[in-house]
2 protein chains.
Amino acid sequence: MKKQITELTGVKEIARRANVSIATVDRVLHNRKGVSEQTKEKISKIIEELNYKPNLLAQRLASRKTLRIATLIPESSNETSFWEAPLQGIEQADAEIKQLGIIVDKYFYDQNLIDSFVDQTRIILESKPDGILLAPSFIEESVVFTEKCRELKIPYVLIDSDLPNQGSLSYIGPNLYHSGYLGAHLVSYLTGPEDKTLIVNISREIDNHHHLLKKEEGFRAYFKDHHKPDNIIKIDIRETDLKSIEHQLSKVFEENNDIKVVFVTNSRVSTVAHFIESLGKDLILIGYDFLKENIGYMDKGVIDFLVCQKPKQQAYRGLMSLYQHLAFSSPVEKIYFMPIDILTKENSSFYRN
Amino acid sequence: MKKQITELTGVKEIARRANVSIATVDRVLHNRKGVSEQTKEKISKIIEELNYKPNLLAQRLASRKTLRIATLIPESSNETSFWEAPLQGIEQADAEIKQLGIIVDKYFYDQNLIDSFVDQTRIILESKPDGILLAPSFIEESVVFTEKCRELKIPYVLIDSDLPNQGSLSYIGPNLYHSGYLGAHLVSYLTGPEDKTLIVNISREIDNHHHLLKKEEGFRAYFKDHHKPDNIIKIDIRETDLKSIEHQLSKVFEENNDIKVVFVTNSRVSTVAHFIESLGKDLILIGYDFLKENIGYMDKGVIDFLVCQKPKQQAYRGLMSLYQHLAFSSPVEKIYFMPIDILTKENSSFYRN
DNA sequence: ACTATATTCGGGTACGTTAACGTATATAAA
DNA sequence: TTTATATACGTTAACGTACCCGAATATAGT
């Protein structure tokens with residue numbers, strides 16, 4: 001004897017009301033073919049009326065297919081540990097959805113080797129994943145890659161930096177311009193009219209240099225917009241080893257002794273901190289990203305502010321929205337700008353990266 | 001003919017290996033009685049070996065019981081819209097888990113009427129929910145309530161402010177002391193040795209005044225810890241209407257004309273902003289919370305910084321961890337301090353409350 | 001030895017959905 | 001008309017777990 005505790009909703013109920021079998025209901029739900037226009041309409045109407053929402057549990061359970069998502073981000077090098085955070089985000093998301101029939105394949109490339117990026121994209125495409133999470137450091141190569149994805153109808157989500165007009169499912173990351181703008185806003189509180197500000201870009205040409213340029217652009221725009229004198233000096237350092245950096249910095253400081261604020265446009269601020277500490281001057285130092293090294297210098301009082309954009313969350317969110325999209329075809333925000341967080345010595349210990 | 005695509009794990013496999021029925025395995029898994037020591041041990045061993053993890057989807061699907069969670073927070077009044085955000089968080093979580101067999105019952109109390117709080121707690125207890133999310137504004141009454149919850153073995157999560165040592169499942173909210181400490185840190189960047197700072201507490205006695213005191217404590221502690229002269233004036237305003245506030249403020253400013261920074265210890269900073277704007281002085285104003293009114297004054301440049309702790313997230317997280325706990329008995333962080341976010345004119349539009 | 005009761009266990013249905021497979025009917029081609 | 005072929009739809013096993021119900025066996029009481 002079957003006890004029917006059946007809800008008043010669900011495919012069964014729809015089928016009952018429409019006087020058809022659940023299979024037919026299923027067909028219109030997934031608009032597969034094999035249903036006459038007439039019955040299709042009838043069923044659709046009932047679905048509407050009942051405001052039917054499928055039971056996600058049952059859906060995933062019954063659907064035998066396991067989804068595969070590939071992730072491609074830089075490996076964290078000994079030069080910067082920045083990419084540890086996104087990796088953690090990926091791993092957290094992985095842990096949460098693996099029990100739901102999703103497999104996450106992680107791929108990495110060397111930020112200094114374009115070829116490694118291209119290689120990995122090839123391997124990924126061969127594996128034919130259902131979705132891709134991508135940190136597109138190399139712009140041109142990424143464009144090529146994402147075009148192929150679109151051909152193959154593989155949805156992809158970008159994190160950390162955007163490729164405009166490339167039809168990604170979503171971009172999740174910073175608004176670089178505004179984060180620079182914010183940096184300048186902070187600086188404006190901290191400087192008098194005589195003080196000079198030094199902008200430091202540390203990056204090999206090969207990196208996604210535009211990242212830094214966007215920030216600098218925002219930074220300068222602030223002073224322009226507020227009609228403030230921008231006593232700004234700028235230095236581009238193209239060798240990312242400690243020695244070159246210190247060498248170049250000391251040159252700048254010899255030539256300018258009225259620098260009050262130093263604004264470093266990326267996470268390599270800790271090396272600058274190292275230099276400034278040895279300099280012994282009382283400067284204000286602003287940089288980017290919640291890295292152990294940086295926090296260390298902030299706790300010591302060498303770094304004053306860090307601007308940060310939750311890299312771990314970016315990756316986590318990216319994977320999750322990919323999952324939501326693939327598993328339940330739920331809508332995804334096309335652009336999700338991360339909040340621009342300001343870290344100081346006094347709130348960094350509460351920060352969630 | 002049954003096609004068995006059976007995994008190598010799952011109750012079926014355990015049953016097969018142990019040479020028993022799945023019902024018996026189920027008994028062991030939920031350690032219900034009705035299994036001999038012998039077979040119990042045998043099964044347990046196999047479970048261990050296979051490192052069996054139940055399929056959460058199937059588990060929830062098969063479990064007929066729907067969980068009920070009650071939430072109790074202040075209603076948002078016309079004096080402050082602060083509690084709109086937590087309510088949004090509750091609603092978002094509700095939307096996400098309602099399809100998973102969870103019912104969320106929302107209750108509200110008037111922050112100015114203790115009785116309304118007590119009434120609601122009584123009603124909640126009568127409804128015998130499986131879990132409770134609570135914003136415990138009234139300390140003593142909340143203690144009484146949570147004690148009853150413990151007697152009835154109903155787990156509860158606290159948000160916004162903590163009841164120490166009350167055996168809650170979790171506290172999710174600010175670390176008030178540190179948020180005050182951070183405020184002082186910001187102030188220290190913005191003041192010279194001669195400048196005075198005004199602390200403004202706006203709150204009826206009936207509110208959870210300790211909230212403000214904790215912040216003030218942290219604020220003062222900063223100056224002490226850093227051996228800075230604390231040119232601090234403080235004012236307690238016990239009438240929360242605009243008129244009283246302006247009256248009291250103007251008195252203070254008449255008596256002190258060297259005030260440089262104003263630190264308001266809660267979200268009512270917008271009323272102070274209104275006053276300061278009319279005053280026409282170039283002061284630095286720091287306050288709390290991402291409210292429309294406050295953001296308005298920040299955009300106008302009257303409020304310089306807002307400290308904020310994601311009230312929406314607090315409620316969302318609280319409900320979700322309650323759900324995770326009840327549905328899957330997953331572990332819950334006992335204390336989850338929210339990040340202490342710094343908002344300025346330039347990053348507020350990217351903020352996620 | 002025979003009933004009464006407790007203990008231990010298996011069979012089987014249900015949760016809500018998917019999808020393979022089969023059947024009936026309509027339409028077109030011979 | 002017969003046969004092929006597409007179209008429309010229904011039946012049913014399966015996903016992995018929960019738990020009711022009853023059967024088999026053991027133990028105790030007379």
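Each chain gets a letter, A, B and so on, in the order the sequences are listed, and its residues count up from 1. What's counted below: heavy atoms across the whole structure, side chains too, no hydrogens, waters or symmetry copies.
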- Item | Residues within residues 24-36 of chain A bordering DNA chain C, heavy-atom distance below 4.0 Å | D26(A), R27(A), H30(A), R32(A)

Distance in angstrom units between [X] [atom1] and [N] [atom2], rounded:
X	N	atom1	atom2	answer
E41(B)	dT8(C)	CD	P	14 Å
Q38(A)	dT7(D)	CD	C1'	14 Å
R60(A)	dT18(C)	CZ	C1'	12 Å
L61(B)	dT18(C)	CG	P	12 Å
N55(A)	dC15(D)	CG	C1'	13 Å
E37(B)	dA26(D)	CD	C1'	17 Å
E13(A)	dT17(C)	CD	C1'	16 Å
L67(A)	dT18(C)	CG	P	14 Å

In terms of side-chain heavy atoms of [X], which of [options] is nearest?
X	options	value
T39(B)	dT11(D), dC20(D), dC9(C)	dC9(C)
I22(A)	dT17(D), dA19(C), dG10(C)	dA19(C)
S21(B)	dA18(D), dG16(C), dG10(C)	dG10(C)

- Output yes when E13(A) and R16(A) qualify as a salt bridge under the 4.0 Å nitrogen-oxygen rule, no when they do not. yes

- Task: Would you mind checking if R122(A) and E126(A) are paired as a salt bridge, meaning a charged N to carboxylate O distance below 4.0 Å?
- Result: yes

- Message: Is the ring pair F337(A)/Y171(A) parallel, tilted or perpendicular, if the boundaries are 30 and 60 degrees?
- Response: perpendicular

- Describe, in one word, how the ring planes of Y109(B) and F138(B) are oriented to each other, choosing from parallel (under 30°), tilted (30 to 60°) and perpendicular (over 60°). tilted

- Find the distance between OG (S63(A)) and CG (L61(A)) and round it off to the nearest 0.5 Å. 9.5 Å

- Message: Just verifying a value: how many Å separate I90(B) CD1 and T71(B) OG1, rounded to the nearest 0.5 Å?
- Response: 4.0 Å

- Message: Checking the side chain of R68(A) only, and the main-chain atoms of K128(A) only, is there a donor and an acceptor separated by less than 3.5 Å?
- Response: yes

- dG16(D) phosphate, OP1 or OP2, under 4.0 Å from Q59(B) side-chain N/O: no

